[in-house]
Number of protein chains: 2
Amino acid sequence: MTVTARERLLDAAVEAFAEKGFTATTTRDIASRAGMSPAAVYVHHDSKESLLFTVSRAGHLAALEVIEEAAASEAEPTARLQAMVREFSAWHATNSRVGRIVQYEFAALTDEHRAEIAEVRRAIEARMQDALRDGVAAGVMDVGDLPGTARALLSLSIDLLRWFSPTGAQSPQDIAALHADLAVRMTRVH
Amino acid sequence: MTVTARERLLDAAVEAFAEKGFTATTTRDIASRAGMSPAAVYVHHDSKESLLFTVSRAGHLAALEVIEEAAASEAEPTARLQAMVREFSAWHATNSRVGRIVQYEFAALTDEHRAEIAEVRRAIEARMQDALRDGVAAGVMDVGDLPGTARALLSLSIDLLRWFSPTGAQSPQDIAALHADLAVRMTRVH
DNA sequence: GTCTATACTAAGATAGAC
DNA sequence: GTCTATCTTAGTATAGAC
């Protein structure tokens, strides 16, 4: 379990990007958080943007994995949707630093990197739409605008990044449970 | 209706901050969008941050006004909540550039300016909580976590800034109607 | 693979002429 | 109130010694 210099730099980048944003973060800041000189950054990473891309890609893939595992964990459509929203919100609250980079620094990527990551985002949206479609087909959900509702469910999880604090009163589990409950309310047959 | 240099600079700042973010925007960029030299900025505004503060304050106050007018427009609690969510989402979609600055550049303000604007944010949350409390008291709404549900309703409107495009298929009114519908579903007695 | 030193560029803001 | 010119600081990234 040796922590390589490369990994220490990635951890430092996560800390700095989440705290100050990509543009406001300097490579000197990242280097000093990792206990290195500014020059050491470039031995392990090509550029500041490549650090961002590495963090953003890993974060997006982790978020997709969370939602796919949740989808696979339940067979009944309502329980499945609950699990997906609960775990997606819990992941964002628990990993709020990486989450902020994933959700708010997308525009700072190069065109090529942005295109690559956009595919992961489309997959996440598609999984949520699938879950709603299954529920409607089974007759346990009533959804007017299916893509719009899928997007709204993702919004609940993602927007918590704007206000969530790990030191606040609400735990990731509290928020996740609320969002799962709201997801059921938004989609159930009346 | 003469447009002053000060106003032209504010418009240019809105354009630039919304497009590239506060930190990535240069005062030279703002000046050239307003058709002026870099030095002209400082005749009309103290600093780059004071431009941000002016835009952010006006935007926050406009958003608060929208939600208060919607609250006053309907007496019946469910219709009132619908109106509030509908107008709040429509405002964000219609004013997405200012909206992005309002919601995403809060951290770039100075401590004093941030504290002043935080009060407006608290007022917006309070109005949404009031609306839910009225509905519960009237027996037409069932809300488990009242502050959490208020926050979730605001999240729907605010998170549209992350993905909304004025040139996309959905109009501000489409999105607003969807969100108003979801608000009713989230809060109605089952 | 790490450092010190630095090249090169560009930022926020100001001086002073008109 | 606008300009050109510039001060000062600081950024990304590289060179070259160890």
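Computed from heavy atoms alone, side chains included, the values below leave out hydrogens, waters and symmetry copies. Lettering of chains follows the sequences in order, A, B, ..., and the numbering in each one begins at 1.
For B/Ala39 and A/Lys48, each mapped to the nucleotide of DNA chain D holding its nearest heavy atom, the one lying further toward the 5' end belongs to B/Ala39.
As rounded to whole Å, 12 Å separates atom C1' of D/dG11 from atom CZ of A/Phe22. Atom NE2 in B/His44 sits roughly 17 Å away from atom C1' in C/dG12 (whole-Å rounding). Taking atom CZ of B/Arg28 as the reference point, atom P of D/dT9 lies 16 Å away to the nearest angstrom. Protein atom CD1 of B/Ile30 is 18 Å distant from nucleotide atom C1' of D/dT2, rounded to whole Å. Rounded to whole angstrom, the span from the CE atom of A/Met36 across to the C1' atom of C/dG1 amounts to 9 Å. As rounded to whole Å, 14 Å separates atom P of C/dA13 from atom CG of B/Leu9.
At a threshold of 4.5 Å between non-hydrogen side-chain atoms, the residues B/Met141 and B/Arg188 do not count as touching. Using a 4.5 Å cut-off on side-chain heavy atoms (C-beta onward), B/Ile117 and B/Ser56 make contact.
In this structure, of C/dA13, C/dA11, D/dG1, it is D/dG1 that holds the atom nearest to the side chain of B/Val43.
Look at A/His45 and you won't find any side-chain N or O under 4.0 angstrom from OP1 or OP2 of D/dA13. For the OP1/OP2 pair of D/dT2 and a distance below 4.0 Å, the side-chain nitrogens and oxygens of B/Ser37 include no atom meeting the criterion. Between C/dT14 and B/Tyr42, no contact under 4.0 Å exists linking OP1 or OP2 to a side-chain N or O.
Remark: A/Asp142 CG is packed, more than 12 non-hydrogen atoms of other residues, nucleotides or ligands lying under 6.0 Å away.
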**Q.** Residues B/Leu154, B/Ile67; criterion side chain to side chain contact (heavy atoms under 4.5 Å, CB included); working and verdict
**A.** CA-CA 11 Å; B/Leu154 296 173; B/Ile67 219 163; 4.2 Å; yes

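Across all strands, A/Thr25 comes closer than 4.0 Å only to sugar-phosphate atoms, never to a base (heavy-atom distances).
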